[in-house]
**Student:** 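Pasting a structure below so you can have a look.
Side chains are part of it too, since the values below use all heavy atoms of this structure and drop only hydrogens, waters and symmetry mates.
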Amino acid sequence: MNRRDLIQRIALGGAVLVLMPSIVESCSKSSTGDNGKLTPGGSAIDLDITLPAYSALATAGGYVVVQNIIVINVDNSKFVALSSVCTHQGCTVGFDAPSGDIKCPCHGSVYATSGSVITGPAPSALRAYTAAKSGNIISVS
Ligand code: FES
């Protein structure tokens, strides 16, 4: 390898290093729209209720858990999104439509749809997110 080849290889390696962060960044962001993945920037989740995975949200009392967030169709006009991770020991909570409460199957904690604790042992409320429905899309942010 002569000096010229060496300089060309170093220049090529530098170009790869310069481009690498943008390549990695573009791979880490996903477009979504309706598949439940994060939108660019990771600020929202859009759920298309016509898709089988989210069709439970088309009915009052239905809910899904996506990316550690429980999204609930409370009564067809009110949609709620909360952390699905129980603040006691981390079990996944579920929505109990008959009572209208969120319950943890592990030790019996009960939460309101606001996320506040009704019955312990959970020590604190579930984190609340914003959920809004537009057409067949429920956006959580
Ligand atoms: S983990 Fe939910 S009540 Fe214990």
Side-chain angles (χ1 to χ4, degrees), residues 1 3-141:
M1 173 185 316
R3 183 177 175 161
R4 184 179 189 156
D5 290 339
L6 179 61
I7 292 171
Q8 285 178 337
R9 286 180 185 224
I10 291 172
L12 180 60
V16 169
L17 288 175
V18 168
L19 293 174
M20 189 60 95
S22 62
I23 293 169
V24 170
E25 183 176 345
S26 67
C27 291
S28 66
K29 294 178 180 177
S30 59
S31 62
T32 154
D34 58 7
N35 63 4
K37 293 182 180 174
L38 291 175
T39 56
S43 60
I45 302 170
D46 290 338
L47 305 175
D48 184 339
I49 63 174
T50 65
L51 296 176
Y54 312 118
S55 62
L57 293 171
T59 305
Y63 74 94
V64 298
V65 175
V66 179
Q67 297 180 21
N68 290 332
I69 298 174
I70 182 169
V71 183
I72 305 166
N73 177 348
V74 177
D75 61 6
N76 282 330
S77 62
K78 179 181 177 183
F79 291 84
V80 169
L82 302 162
S83 169
S84 64
V85 181
C86 181
T87 60
H88 179 228
Q89 290 182 359
C91 289
T92 300
V93 299
F95 183 62
D96 180 53
S99 68
D101 296 327
I102 297 161
K103 296 184 176 178
C104 179
C106 291
H107 310 103
S109 288
V110 180
Y111 300 88
T113 54
S114 65
S116 64
V117 177
I118 296 173
T119 304
S124 58
L126 298 171
R127 178 179 176 184
Y129 297 89
T130 299
K133 185 174 184 281
S134 177
N136 290 325
I137 303 296
I138 298 174
S139 296
V140 177
S141 56

**Student:** Sub-3.5 Å donor-acceptor pair from the side chain of D101 to the main-chain atoms of K103, do we have one?
**Tutor:**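 No.
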**Student:** Compute whether any side-chain donor of one residue and acceptor of the other, for Y111 and T119, lie under 3.5 angstrom apart.
**Tutor:**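 Side-chain D/A pair, Y111 to T119: absent.
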**Student:** Is the side chain of D96 donor-acceptor paired with the backbone N or O of I102 at a distance under 3.5 Å, no angle test?
**Tutor:**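 Checking the backbone N and O of I102 against the side chain of D96, no donor-acceptor pair under 3.5 Å is found.
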**Student:** Would you please test T92 and V65 for side-chain contact (heavy atoms from CB on, under 4.5 Å) and show each step?
**Tutor:** CA-CA 9 Å; T92 300; V65 175; 4.3 Å; yes
**Student:** Give the minimum heavy-atom separation between C86 and L126, together with the two atoms involved.
**Tutor:**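 Heavy atoms of C86 and L126 come nearest at CA-CD2, 4.2 Å.
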**Student:** So, N136 versus T50: side-chain donor-acceptor pair below 3.5 Å or not?
**Tutor:** no
**Student:** So does N68 get a backbone contact from the side chain of S84, meaning a donor-acceptor N/O pair under 3.5 Å?
**Tutor:**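 Yes: the side chain of S84 pairs with the backbone of N68.
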**Student:** Would you say that L57 contacts L47 through its side chain, given a criterion of any heavy-atom pair below 4.5 Å between the two side chains?
**Tutor:**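 SC-SC contact between L57 and L47 confirmed.
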**Student:** Okay, side chain of T87, backbone of S124: is any donor-acceptor separation there less than 3.5 Å?
**Tutor:**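 Side chain of T87 to backbone of S124, a donor-acceptor pair under 3.5 Å: yes, one is there.
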**Student:** Can you tell me how far the CD1 atom of I138 sits from the CZ atom of F79, to the nearest 0.5 Å?
**Tutor:**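 So the CD1 of I138 and the CZ of F79 are separated by 4.5 Å.
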**Student:** Are L82 and I69 close enough that some pair of their side-chain heavy atoms sits under 4.5 Å apart?
**Tutor:**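 Not in contact.
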**Student:** Mind checking whether Y54 and V71 have side chains closer than 4.5 Å, heavy atoms only?
**Tutor:**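 No; the side chains remain at least 4.5 Å from each other.
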**Student:** Is there a side-chain contact (heavy atoms from CB on, under 4.5 Å) between F95 and T113? Walk through the geometry before answering.
**Tutor:** CA-CA 9 Å; F95 183 62; T113 54; 3.9 Å; yes
**Student:** Between K133 and G135 (side chain of the first, backbone of the second, donor and acceptor by atom type, cut-off under 3.5 Å), is there such a pair?
**Tutor:** yes
**Student:** Would you give the length of the straight line joining atom OG1 of T59 to atom CG of D75, rounded to the nearest 0.5 angstrom?
**Tutor:**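 Interatomic distance, T59 OG1 to D75 CG, rounded to 0.5 Å: 13.0 Å.
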**Student:** Taking SG to SG, are C91 and C104 separated by less than 2.5 Å?
**Tutor:**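 Looking at C104 and C91, their sulfur gamma atoms do not lie closer than 2.5 Å, so the answer is no.
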**Student:** Taking all non-hydrogen atoms of both residues, which atom of A60 and which atom of N76 are closest, and how far apart?
**Tutor:**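 The pair with the smallest heavy-atom distance is N-OD1, 3.4 Å.
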**Student:** Examine distances only and state if a side-chain atom of S109 and a backbone atom of A122 form a donor-acceptor pair shorter than 3.5 Å.
**Tutor:** yes
